[in-house]
Amino acid sequence: MKTHVKALVVGGGAVGTSIAYHLASAGWDDVMLLERDELTSGSTWHAAGLLPLFNMGYATSHIHDYSVKFYKTLEAETGLNAGFSVVGNLRMAQTDARMDEYMLYAATAETVGIPHEWLTPAEIKARWPLVRTEDLKGAIFHPTDGYINPADVTMAMAKGARQRGVVIERKWQVDGYAWTGSEWQVSVTKMVEKGGNLVPSEETAVITAEHVVTATGNHAQRTAKLLGIKIPAIPVEHQYIVTEPDPALVEWRKTNGEHPVLRDADAKWYVREERGGWILGPYEYGAPACFEYSVPESFRADLFPLDLERIEEEYMSMIHRLPSSETVGLKDDYNGPICYTPDGNPLVGTAPGLRNMWLAEGFSFGITAAGGTGYYLAQMMVADEAEIDMASLDPKRYGADWMTTEYAARKNEECYSHVFILHHPDEEREACRPLRTAPAYDRQKALGAQFGCVNGWERPNYYGPVGAPDSFDHDSRSFRRGGWWDYAKAEAEAIRQTAGIIDATAFAKHVVKGPGAAAFLDWFTTNKLPKVGRINLTYALTGAGTTRTEYTIMREEEDRFVLISAGGWHAYDRDNLLKAVADKEPEFGRIEVEDWTTRFGVFALAGPNSRAILAKLIRDTDPETALSNKRFPWLSLRKIELEMCPVVAVRVAYTGELGWELHHPIEMGRYLWDRLMAVGAKHGLKPVGARAQNWLRQEKSYRAFGTELGRDATPLEAGLDRFVDLDKAFHGKDAMLATGIRSKCVTLLIDGPADADPWGREALLLDGEKIGRLTSGGYSVAFGKQIGMGYVRPDLAVVGTKLKLRMFRELWDAVVVEDSPYDPQNAVIRVDG
Ligand SMILES: Cc1cc2nc3c(=O)[nH]c(=O)nc-3n(C[C@H](O)[C@H](O)[C@H](O)COP(=O)(O)OP(=O)(O)OC[C@H]3O[C@@H](n4cnc5c(N)ncnc54)[C@H](O)[C@@H]3O)c2cc1C
């Protein structure tokens with residue numbers, strides 16, 4: 001066996017095999033794959049092989065799209081037929097809300113270029129008369145997907161990989177990883193058969209690898225332990241059943257083609273044909289997590305016993321939809337472990353705290369995602385970044401400090417049971433909450449706060465009626481304007497007209513200090529560093545010159561800075577920062593990083609009356625002038641005292657109004673909240689949630705990470721030239737300049753439907769041609785119409801360009817407006833007093 005390779009892939013399921021294939025096709029000629037048993041012996045062998053293109057996420061839609069196209073090419077390349085039945089995929093809707101969901105999904109599909117058709121119940125009946133349609137509203141149909149044989153497609157990828165020089169070794173188990181500072185030493189053990197079990201032998205070896213990729217499926221918890229990290233990939237039991245031949249189906253097939261894969265989302269199942277019978281795959285409630293700590297040695301290509309009772313409801317609903325299946329018996333059943341993560345997206349990218357260690361874990365649609373994951377992960381490894389933004393799959397989107405095995409298991413069970421729920425864009429999932437709460441949580445709840453969850457933190461989305469039933473938020477969700485909309489509108493208006501307070505405690509906060517801090521940050525970020533007492537907006541780039549993170553950087557002292565970034569990306573930002581510091585410390589001198597995320601709370605106070613509110617609380621030798629432009633100019637920070645609370649106040653407001661961010665010791669959060677609310681009452685102070693803030697920031701064209709800002713666009717493409725100092729050298733600069741401008745970020749005002757706002761997923765068109773897409777959307781209280789931000793062809797990023805936006809299958813007028821359409825001169829932000 002080879003003992004030195006450039007890249008070692010661990011795990012020979014569909015995912016690992018695809019990664020090995022794509023690393024080789026991206027040009028790495030020294031790749032080895034190790035599998036502890038046989039290829040496909042993990043979850044891959046018992047998958048039903050469906051390849052649904054339907055996906056609500058932009059990155060995952062690209063991944064699935066790539067897979068479906070790639071699998072169609074494999075036979076020509078390898079001579080192996082992977083059994084791809086391109087029968088299409090019919091998603092039926094029983095309700096108008098479900099049709100709305102499909103229309104929102106179709107928006108993402110259009111931006112990715114995934115073909116789809118709309119069918120009425122009558123059209124469904126005419127094409128597939130065995131399907132009962134009288135209670136349907138319609139369906140969306142993908143003609144280009146279908147199902148594949150999971151083992152065969154894996155074997156075809158393995159053959160293609162071998163043809164490209166990949167070495168595949170079976171019956172070798174990875175048992176340990178040690179980083180030498182420049183490469184991984186991977187301890188492996190030969191596995192042997194003993195009494196039907198697979199057990200370690202005496203034969204061992206150490207393989208040196210520059211890069212390691214783990215794709216260990218249900219063994220992710222063992223992998224996590226070996227690496228000393230947390231990986232929230234824990235399987236859940238998933239079953240499907242196969243029926244005996246259905247005489248009506250057999251008869252129909254004599255003169256007709258195969259049915260598409262049928263999905264009755266409201267009944268929580270998929271059904272496809274299998275040798276004259278049906279396969280029913282339900283996503284039922286109550287499926288338990290398994291292997292929370294490890295896979296037992298005795299579990300190989302095994303299955304769990306069928307639990308028919310658990311899927312009785314779905315079984316009955318199949319009979320309702322396909323009445324001919326009623327008298328057909330059961331032939332076979334599969335109940336296997338299917339890996340999940342708390343949000344259902346796999347974990348793909350660099351491992352936290354480790355170098356050259358790549359994770360590809362937690363795949364619940366791993367046959368569908370394998371091809372695209374291999375393709376885009378290979379791009380990340382070989383060329384520094386993928387052409388799409390892979391942040392939504394980044395393994396570090398869950399914080400290691402707070403995330404536990406119990407959390408992952410319970411969230412994964414919830415995620416499994418949510419596969420077929422209505423995927424409202426304003427959905428907030430209930431499991432494992434509340435978990436991380438800021439001190440004012442109870443106060444906010446008493447005021448009617450309806451919370452969302454960001455990286456485990458409870459954060460008010462909006463304030464609904466006081467004393468509302470627990471179901472209020474659930475019942476308020478919609479693909480159009482939900483029951484929360486009027487509350488968010490009133491909050492946005494309060495910030496524009498009087499004052500609002502937003503709890504922004506979830507922000508990630510890192511202190512960077514020491515003799516090397518300034519030189520390091522100058523290299524690490526794009527903007528000029530602020531002077532002492534001032535703040536700047538700045539960007540850390542990837543090696544490919546795209547945006548990795550947005551920071552507000554506060555300079556407290558000459559060599560002491562505070563970096564504020566999005567709360568959802570705490571662990572991701574910390575990992576990147578710590579790795580960069582470790583790399584650059586020898587060059588720049590000592591740099592210390594302290595994570596203050598959970599030490600400081602933040603309230604954002606904004607609105608024309610915010611100065612008057614603070615003036616009542618500030619204790620200062622001259623309170624009259626303490627908050628004036630002279631003593632406290634825009635984009636500056638000062639240590640102040642608000643009665644008994646010491647505060648680092650920053651004159652900035654993400655809502656684009658006169659305002660201050662109040663960073664305070666977290667244990668004083670409730671005191672400060674109470675004092676601000678008490679004093680603010682006379683000044684129209686209103687508690688405000690994240691939804692109103694999201695609308696308001698679009699009126700100011702403030703980009704957000706994860707929407708306008710991501711690893712697929714440079715800050716110049718994002719239109720942030722004024723925060724990029726081209727006179728200095730910084731990380732990613734050359735790559736950023738070499739990339740040029742492929743598309744450009746703009747703000748648009750939209751004359752949309754009367755009952756809905758864009759969600760930031762919709763396609764932008766000119767003369768019927770797709771020329772861009774929205775990345776954010778909402779309602780503008782300043783303009784009384786819909787607003788959005790997004791990317792368009794660079795020549796169209798001109799104020800006044802008239803475009804069309806597709807929502808709910810109709811086209812609506814959208815016009816490109818100047819950046820910061822509300823208060824473009826920042827006059828209200830700078831107002832003196
Ligand atoms: C009943 C059922 C039906 C499903 N249907 C579908 C479907 O229709 N469509 C779809 O897209 N997905 C489906 N899935 C999900 C799909 O099976 C998985 O997402 C997919 O197989 C995951 O592939 P993988 O390569 O990540 O993991 P696996 O296939 O589990 O492969 C991981 C491999 O890593 C090896 N390994 C682990 N640890 C080590 C180590 N230390 N050293 C060496 N080797 C190691 C294991 O032996 C294993 O072979 C289904 C799952 C189930 C349970």
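The figures that follow rest on heavy atoms only: side chains count, while hydrogens, waters and symmetry mates do not. Read the numbers this way: they start at 1 and go in the same order the structure lists the ligands and their atoms.
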Within less than 4.0 angstrom of ligand 1, does C339 place any heavy atom?
no
Has Y240 got any heavy atom lying under 4.0 angstrom from an atom of ligand 1?
yes
Looking at G42, A215, G11, the heavy atom closest to atom 32 (C) of ligand 1 belongs to A215
May I ask which of L50, V9, D37, T44 has a heavy atom nearer to atom 29 (O) of ligand 1 than the others do?
T44
Considering heavy atoms of the protein only, find what lies nearest to atom 5 (N) of ligand 1 and give residue, atom and distance to 0.1 Å.
A48 N, 3.0 Å
Logged contact type for V10 with ligand 1, heavy-atom cut-off 4.0 Å, is side chain
Among all protein heavy atoms, pick the one closest to atom 30 (O) of ligand 1 and tell me residue, atom and distance.
S43 N, 2.8 Å
With respect to Y334, determine whether any N or O atom, backbone or side chain, lies less than 3.5 Å from an N or O atom of ligand 1.
no
Angle between ring planes, W278 versus H259, binned at 30° and 60°: parallel, tilted or perpendicular?
perpendicular
N/O of I367 under 3.5 Å from N/O of ligand 1, yes or no?
yes
What residue and heavy atom of the protein are closest to atom 43 (C) of ligand 1, and at what distance?
R36 N, 3.3 Å
Between E258 and R272, is the closest basic N to carboxylate O distance under 4.0 Å?
no
Under a heavy-atom criterion of less than 4.0 Å, does E361 contact ligand 1?
no
Decide, yes or no, whether a salt bridge links R253 with E273 under the criterion of side-chain N to carboxylate O below 4.0 Å.
yes
Identify the closest protein heavy atom to atom 42 (N) of ligand 1: which residue and atom is it, and at what distance?
V174 N, 3.0 Å
Would you say Y147 touches ligand 1, if touching means a heavy atom closer than 4.0 Å?
no
Tell me the protein heavy atom at minimum distance from atom 2 (C) of ligand 1, and give that distance in Å.
H238 CD2, 3.4 Å
Looking at Q239, is its backbone amide N or carbonyl O close enough to the side chain of R310 to form a donor-acceptor pair, meaning the two atoms are under 3.5 Å apart?
no
Report the relative orientation of the aromatic rings in W128 and F141; use parallel for angles under 30°, tilted for 30 to 60°, perpendicular for over 60°.
tilted
Establish, yes or no, whether the cationic atom of R91 lies under 6.0 Å from the six-membered ring centre of F54 and within 45° of the ring axis.
yes
Any side-chain donor paired with an acceptor under 3.5 Å for N335 and Y240?
no
One thing to verify: whether R170 and D37 come together as a salt bridge, which I'm taking to mean a side-chain N less than 4.0 angstrom from a carboxylate O.
no
Taking the basic N atoms (NZ, or NE/NH1/NH2) and the acidic carboxylate oxygens, is any pair closer than 4.0 Å for K171 and E38?
yes
Is it true that E292 and R410 have a side-chain N and a carboxylate O under 4.0 angstrom from each other?
yes
Going by distance only, is there an N or O of G49 that falls short of 3.5 Å from an N or O of ligand 1?
yes
Any N or O of A360 closer than 3.5 Å to N or O of ligand 1:
no
Is the distance between the ring centroids of Y283 and H238 under 6.0 Å?
yes
What do you reckon, is CE of M1 surrounded by more than 12 foreign heavy atoms closer than 6.0 Å?
yes
Residue and atom name of the nearest protein heavy atom (relative to atom 47 (O) of ligand 1), distance in Å to one decimal
E35 OE2, 2.6 Å
Which residue and non-hydrogen atom of the protein lie closest to atom 26 (O) of ligand 1, and at what distance in Å?
V15 CG2, 3.4 Å
To which protein heavy atom is atom 31 (O) of ligand 1 closest, and what is the distance rounded to 0.1 Å?
G13 CA, 3.4 Å
